There are 2 protein chains.
Amino acid sequence: MALEHAILVSLDERSGSGYELAQRFEKSIGFFWPATHQQIYRTLKRMVDLAWVSCHEVAQDGRPDKKVYEVTEAGRDELARWLASPGEPETVRSDLAVKVRGASLGDAKAVIAELARHRDLHAERLDVYLAFEKKDFPDPSTLSGRRLHQYLILRGGIRAEQGLVEWCDEALAAMREDDRR
Amino acid sequence: MALEHAILVSLDERSGSGYELAQRFEKSIGFFWPATHQQIYRTLKRMVDLAWVSCHEVAQDGRPDKKVYEVTEAGRDELARWLASPGEPETVRSDLAVKVRGASLGDAKAVIAELARHRDLHAERLDVYLAFEKKDFPDPSTLSGRRLHQYLILRGGIRAEQGLVEWCDEALAAMREDDRR
DNA sequence: GTTACCATGTAAAAAGTTACATGATTCT
DNA sequence: AGAATCATGTAACTTTTTACATGGTAAC
């Protein structure tokens, strides 16, 4: 399981509350490891029990108190251990692919419309990623360490979305052509 | 949830037992919707309750009896309904990306080794898919209907694996370069 | 005044993973 | 004799998702 480890990575960059973490998981790290606030609160609790993170309450004026979490020595050890351990390659789970595969058992036109919708969603995400790339990493060849790693992740997201847009276009063209015949 | 629907698609192509379905999920449909035999048995039971599939036991000689499942009218209706309903775009969950992102907090060399391992795993899968493409779809332009849809799914798998191999190569080159400095 | 943001959680249901269990047959 | 294949399942556990719940502040 990598949610703990994704949280460790994120907290190691910057300590924060569960709420703040949930927001980070809405973007950046959450692009390749999505998690909701419920998951994060629950996992943080477990991580305190494991002593991977410490927690202290911070009073705020005009706002509710918050609990700020920080990675402990044990947490850094666990992260290092996990980083060096082999894992399974990611598995895809694609509703859309199942729909395309089953298109001839229902309304093919509806599946074509769904493909087109996803194509646009992926194109939008791609634009977001490309804008990040342009703004945050204008000169990639100079990057090193953490900045390089952040850049590489973004590159992975860009490649994945490009691939999906291209696949949607390929499938759309073929299915529309088939529909006309 | 798409496991029910993936099973409906698969059973609609050919009726079969849970065991047979589990084997199909080892390849083809399982490449983009993995499922173990336990999941399949449990889901089939639920689908019988929902009357999406019917089940009759078949005695075999020299082999244990098996239960053959068949899609019902209600099952086909449900499938058609689902095919036409909009879904969320697939979400990625990549341990490897988390590891790359956190590489500077542990042993970068170990992460590089892990990247190389995944690169090879994806290259292997890609070869498997490319072999299918060559063997099963030598002349894609002539395809239509179900055969076309099967081909398009395979194309999606090919694109995804190609993208992953390329990304691993990009990340490996950059991280090795960074490691040397 | 109502929407959005900050901040935390509980509870239950659904889905997925892992381990264990059985028992016959066919192939080497 | 031992391994692989056929065929089904139970049980326990972990993870994820969805719904519900609270309560203050700030902006429009």
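What you see is a predicted model; the values in this text were computed from it and never measured. We name chains A, B, ... by the order of the sequence lines, and we start the count at 1 in each one.
- When each of A:Gln60 and A:Lys45 is assigned the nucleotide of DNA chain C bearing its nearest heavy atom, the one mapping closer to the 5' terminus is A:Gln60.
- For B:Asp65 and C:dG23, the CG to P distance is 15 Å, given to the nearest whole Å.
- Distances from the side chain of A:Tyr19 to the nucleotides D:dA7, C:dC5, C:dT10 place C:dC5 closest.
- The side chain of A:Arg42 contributes no N or O atom lying less than 4.0 Å from OP1 or OP2 of C:dT10.
- Comparing A:Pro64 and A:Glu4 by the nucleotide of DNA chain D that holds the closest heavy atom to each, the one mapping nearer the 5' end is A:Glu4.
- Of all nucleotides listed (D:dA19, C:dT17, C:dA7), D:dA19 comes nearest to the side chain of A:Gln38.
- Going from atom CZ of B:Arg24 over to atom P of D:dC6 covers 14 Å, rounded to whole Å.
- The distance between atom NE2 of B:His56 and atom P of D:dA7, rounded to the nearest whole Å, is 14 Å.
- C:dA7 atom P lies 14 Å from atom CG of A:Leu44, rounded to whole Å.
- Proximity note for B:Lys67 (side chain, C-beta onward) versus C:dA7, D:dT17, D:dG9: the nearest is D:dG9.
- Distances shown here put every side-chain N or O of A:Lys66 at or beyond 4.0 Å from the OP1 or OP2 atom of C:dC5.
- The phosphate of C:dT8 (OP1 or OP2) has a side-chain N or O of A:Ser17 nearer than 4.0 angstrom.
- Side-chain N/O atoms of B:Gln150 and B:Arg147 include a donor and acceptor closer than 3.5 Å.
- Of the side-chain N and O atoms in A:Gln23, none sit less than 4.0 angstrom from OP1 or OP2 of C:dA7.
- Regarding contacts with the backbone of C:dA15, a side-chain N or O of B:Arg46 is found under 4.0 angstrom from either OP1 or OP2.
- Candidate nucleotides D:dT8, C:dG16, C:dC5 were compared by shortest atom distance to the side chain of B:Tyr41, and D:dT8 ranks first.
- Note on A:Trp167 and B:Val92: separate hydrophobic clusters, where clusters join Ile, Leu, Val, Met, Phe, Trp and Tyr whose side-chain heavy atoms are under 4.5 Å apart, directly or indirectly.
- A salt bridge between B:Arg117 and B:Asp120 is absent, with no side-chain N of the basic residue lying under 4.0 Å from a carboxylate O of the acidic one.
- Atom CZ of B:Arg93 is separated from atom P of C:dA15 by 15 Å (rounded to the nearest Å).
- Using a 4.0 Å cut-off between charged nitrogen and carboxylate oxygen, B:Glu20 and B:Lys66 count as a salt-bridge pair.
- When each of C:dT10, C:dT17, D:dT17 is scored by its nearest atom to the side-chain atoms of B:Gln39, the top-ranked nucleotide is C:dT17.
- Here the P atom of nucleotide D:dT15 and the CZ atom of A:Phe25 are 14 Å apart, to the nearest Å.
- Atom CD of B:Glu57 is separated from atom P of D:dT8 by 9 Å (rounded to the nearest Å).
- Under the 3.5 Å distance criterion, the side-chain polar atoms of A:Arg93 are matched with a main-chain donor or acceptor of B:Pro34.
- Taking atom CD on A:Glu88 and atom P on C:dG16, their separation rounds to 17 Å, with Å as the unit.
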